[in-house]
Engineer: 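Pasting in a structure now, in C-alpha cells, and then I'll have a few things to ask.
All values derive from a computational prediction rather than experimental measurement.
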Amino acid sequence: MTDLEMPTLMMVSHGNSGKGGDPAGDLARTIAPDWNGPVSFGYMRSTPAVSDQFEMLKASGAADRLIVFPLFFSEGYLVFEELPAKLHQAGLSDTVILPPAINLPGFAEMIAARVHASARKRDWDLSQTSVFLVPHGLKTLTQSLPETARLADRLSRICVGAEICIGNIEGSPSLADWRDIGSHRQVIVVPMLAGGGTHAREDLPELIDAKSGEMIDVLPPIGQWSELPGLVLDEAERHVARFGGMAVPLGPTGQDLWGERVQRSA
C-alpha cells in the first residue's frame, strides 16, 4: 500500500456463541498482512470487549489514529448508536467509522458474483431460481429492514432474472416461510452473518427444513467469504490521507455516520 505506517484498523462485530469461531479476529488476521499498520478487533457482546480493546490501544498509543470497521449487516442500534457512544466514552470521538459491511462499495456485486457462480456450478437458470438474503433480523420485525430491501433491489438489477427474496432468522419475513415467499424450488441461500456460529450451524438448517426434491444451495456466512477482506481494505484505504510523512484517517465519525443514515432514510 504505502511505506507510511497506516492508522490502526479495528474490526468490530456483535459477538459469537463460543462455538462459532472468532469472526472479527479471523477478519483482522486475514487483513493484517496487507495493512501497513496495527490491526485489532473486539466484540460488542463478547470478549475481547471493544471497550477493553479501546483502552489497550490507548495505552499503547495505537488509538491516536484509529479506523473502525463494523462487521455488521444492518444499520442498527449497535453500529449507529452504541459503537459511537463507546468511542466517546473512551475519549476517541474522532475515530473514523467505516460503513457497516452491508454498505461497503462492491458489497452487492460480491454477492451477485457468488450467486452467479452457484447457479453455474449447479447448471441452474437464474430465471428459475429464488435467492434468499438471510440477515439476523429482530424479533420485533414485521417487514424487512430498509437496508436489506435496498440490497435486494440492487441485487435484482445485477442478477437479472433471479427472484430476490428476504427471509430473516428472527422476525418477519421469516426464512421459515421461504416456500410461501419464493416462487421456485431452486434456492440459493445467502447467510448475512459474520461467522459460523449457532445461527449458521443450527438455525439455518432448522428454518429451511429441506424436503426431498428441493434443490437448495446454502452459501457460507458472508463474514467468512474470501472476497470481503478486499472490500474492507479498499474502503479503509479510501479513508486515509497522506500529509507529509504521516497517513491520517479521514472520514465519518459516529455523529457523521448517523447523519448519513438519516439522509439515506429520508
Engineer: Test Asp153 against Arg157 for salt bridge (charged side-chain N to carboxylate O under 4.0 Å, His left out), laying out the working first.
Structural biologist: CA-CA 7 Å; Asp153 178 68; Arg157 286 182 272 120; 2.9 Å; yes

Engineer: For the hydrophobic clusters of this structure (ILVMFWY residues joined by side-chain heavy atoms under 4.5 Å, transitively), does one cluster hold both Val190 and Val218?
Structural biologist: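 They do not share one cluster, since no chain of ILVMFWY contacts under 4.5 Å joins Val190 to Val218.
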
Engineer: Count the heavy atoms of every other residue, nucleotide or ligand shown that sit under 6.0 Å from CD of Glu227, and state whether that count exceeds 12.
Structural biologist: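 Enclosed: over 12 neighbouring heavy atoms sit under 6.0 Å from CD of Glu227.
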
Engineer: Quick one, Glu81 with Lys86, criterion salt bridge (charged side-chain N to carboxylate O under 4.0 Å, His left out). Give me CA distance, side-chain angles, the key distance, then yes/no.
Structural biologist: CA-CA 9 Å; Glu81 295 187 41; Lys86 287 184 179 294; over 6 Å; no

Engineer: Using 0.5 Å steps for rounding, measure from the CG atom of Asp177 to the OG atom of Ser172.
Structural biologist: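 Here the interatomic distance stands at 7.0 Å.
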
Engineer: Considering all heavy atoms of both residues, which atom of Leu78 and which atom of Phe72 are nearest to each other, and what is their separation?
Structural biologist: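 It is CD1-CE2, 3.7 Å.
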
Engineer: Show, in sequence, the C-alpha distance, side-chain angles and deciding distance for Tyr43 and Val50, and conclude whether the side-chain contact (heavy atoms from CB on, under 4.5 Å) test is met.
Structural biologist: CA-CA 5 Å; Tyr43 292 99; Val50 291; 5.5 Å; no

Engineer: Atom OG of Ser226 and atom CE of Met110: how far apart are they, to the nearest 0.5 Å?
Structural biologist: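 Going from OG on Ser226 over to CE on Met110, the span is 9.5 Å.
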
Engineer: Determine whether Leu98 and Ile67 make a side-chain contact, defined as any pair of heavy atoms from C-beta on separated by less than 4.5 Å.
Structural biologist: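 With C-beta onward as the side chain, the pair touches.
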
Engineer: Starting from Met192, can I reach Ile169 by hopping between I/L/V/M/F/W/Y residues whose side chains sit under 4.5 Å apart?
Structural biologist: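 No, Ile169 and Met192 fall in different hydrophobic clusters.
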
Engineer: Okay, side chain of Ser174, backbone of Ala176: is any donor-acceptor separation there less than 3.5 Å?
Structural biologist: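 Checked: pair present.
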
Engineer: Only one of Thr95, Asp52, Thr8 forms a side chain to side chain contact (heavy atoms under 4.5 Å, CB included) with Leu57, so which one is it?
Structural biologist: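 The residue from Thr95, Asp52, Thr8 that satisfies side chain to side chain contact (heavy atoms under 4.5 Å, CB included) with Leu57 turns out to be Thr8.
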
Engineer: How far does CG of Leu27 sit from CE of Met10, to the nearest 0.5 angstrom?
Structural biologist: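 Taking CG in Leu27 and CE in Met10, the distance rounds to 12.5 Å.
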
Engineer: What heavy-atom pair brings Ala119 and Ile188 nearest, and what distance separates the two atoms?
Structural biologist: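 So the two residues come closest at N-CD1, 4.2 Å.
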
Engineer: Consider only side-chain N and O atoms of Ser118 and Asp217, and report whether a donor and an acceptor are under 3.5 Å apart.
Structural biologist: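 Short answer, yes.
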
Engineer: For a quick test of reading the model, state the closest non-hydrogen atom pair linking Asn168 to Gly137 and the distance between them.
Structural biologist: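 Looking at all heavy atoms of both residues, the shortest contact is OD1-CA, 3.8 Å.
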
Engineer: Which is it for Lys58 and Asp64 under the salt bridge (charged side-chain N to carboxylate O under 4.0 Å, His left out) test, yes or no, and what are the steps along the way?
Structural biologist: CA-CA 7 Å; Lys58 286 170 61 179; Asp64 296 340; over 6 Å; no

Engineer: When rounded to the nearest 0.5 angstrom, what is the spacing between CD1 in Ile216 and CZ in Phe132?
Structural biologist: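 Atom-to-atom, Ile216:CD1 and Phe132:CZ are 9.5 Å apart.
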
Engineer: Give a yes or no on whether the backbone of Ala236 and the side-chain of Trp35 come within a donor-acceptor separation of less than 3.5 Å.
Structural biologist: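 Side chain of Trp35 to backbone of Ala236: no pair is present.
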
Engineer: Does a donor on one side chain and an acceptor on the other come within less than 3.5 Å for His184 and Thr129?
Structural biologist: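 Checked: His184/Thr129 side chains show no N/O donor-acceptor pair below 3.5 Å.
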
Engineer: Using atom types as modelled and distance alone, determine if a side-chain donor or acceptor of Glu237 lies under 3.5 Å from a backbone N or O of Asp234.
Structural biologist: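 Checked: no pair found.
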
Engineer: With rounding to the nearest 0.5 Å, note down the distance linking CG in Leu228 to CG in Asp26.
Structural biologist: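 If we round to the nearest 0.5 Å, Leu228:CG and Asp26:CG are 12.0 Å apart.
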
Engineer: Using the rule that two of Ile, Leu, Val, Met, Phe, Trp, Tyr join whenever any of their side-chain heavy atoms come within less than 4.5 Å, decide whether Met6 and Val39 are in one cluster.
Structural biologist: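 Same cluster: Met6 reaches Val39 through Ile, Leu, Val, Met, Phe, Trp or Tyr contacts under 4.5 Å.
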
Engineer: Which atom pair, heavy atoms only, marks the closest approach of Ile158 to Ala112?
Structural biologist: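 Looks like CG2-CB, 3.4 Å.
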
Engineer: In terms of hydrophobic clustering (I, L, V, M, F, W, Y; side-chain heavy atoms under 4.5 Å; direct or indirect links), are Leu219 and Leu231 co-clustered?
Structural biologist: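 Yes, Leu219 and Leu231 fall within the same hydrophobic cluster.
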
Engineer: Please name the pair of heavy atoms, one in Ala28 and one in Ser40, separated by the smallest distance, quoted to 0.1 Å.
Structural biologist: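 Closest pair (atom of Ala28, atom of Ser40, distance): CB-O, 3.9 Å.
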
Engineer: For the side chain to side chain donor-acceptor pair (under 3.5 Å) test, which of Ser127, Ser183, Ser156 pairs with Glu163?
Structural biologist: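 One option only clears the test, and that one is Ser183.
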
Engineer: Quick one: does Gln53's side chain have a donor or acceptor within less than 3.5 Å of a partner on Phe41's backbone?
Structural biologist: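 Side chain of Gln53 to backbone of Phe41: a pair is present.
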
Engineer: Regarding Glu75 and Asn103, do their side chains bring together a donor and an acceptor under 3.5 Å, going by distance alone?
Structural biologist: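 Present: a donor and an acceptor within the cut-off.
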
Engineer: So with a 6.0 Å cut-off around CE of Met56, is the heavy-atom count from everything else above 12?
Structural biologist: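 Open: at most 12 neighbouring heavy atoms sit under 6.0 Å from CE of Met56.
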
Engineer: Indicate the atoms forming the closest heavy-atom contact of Asp125 with Gln186, along with that distance.
Structural biologist: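 Closest approach of Asp125 to Gln186, heavy atoms only: O-NE2, 3.9 Å.
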
Engineer: Under 3.5 Å, is there a donor-acceptor pair between the side chain of Arg65 and the main chain of Ala247?
Structural biologist: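 Side chain of Arg65 to backbone of Ala247, a donor-acceptor pair under 3.5 Å: yes, one is there.
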
Engineer: State whether the side chain of Trp225 and the backbone N or O of Pro220 hold a donor-acceptor pair below 3.5 Å, judged by distance alone.
Structural biologist: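 A pair under 3.5 Å: yes.
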
Engineer: Is the number of heavy atoms from other residues, nucleotides or ligands under 6.0 Å of Glu109 CD greater than 12?
Structural biologist: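 Buried by this count: over 12 neighbours within 6.0 Å.
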
Engineer: Are any non-hydrogen side-chain atoms of Phe69 and Ile97 less than 4.5 angstrom apart?
Structural biologist: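 A side-chain contact is absent here, since even the closest heavy-atom pair is not under 4.5 Å.
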
Engineer: Determine, using the 4.5 Å side-chain heavy-atom cutoff (strictly less than), whether Leu204 and Leu141 are members of one ILVMFWY cluster.
Structural biologist: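 No, Leu204 does not connect to Leu141 through the hydrophobic network.
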
Engineer: Taking side chain as C-beta onward, heavy atoms only, is Leu233 less than 4.5 Å from Ile31?
Structural biologist: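 Heavy-atom side-chain distance check passes, below 4.5 Å.
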
Engineer: Could you measure the distance from the CG atom of Leu207 to the CD atom of Glu170? Nearest 0.5 Å is fine.
Structural biologist: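 It is 9.5 Å, given to the nearest 0.5 Å.
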
Engineer: Passes salt bridge (charged side-chain N to carboxylate O under 4.0 Å, His left out), Arg154 versus Glu147? Steps please.
Structural biologist: CA-CA 11 Å; Arg154 171 72 176 154; Glu147 55 267 36; over 6 Å; no

Engineer: Heavy atoms, side chains only, cut-off 4.5 Å: are Val115 and Trp124 in contact?
Structural biologist: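 They are not in contact (no side-chain heavy atoms under 4.5 Å apart), so the answer is no.
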
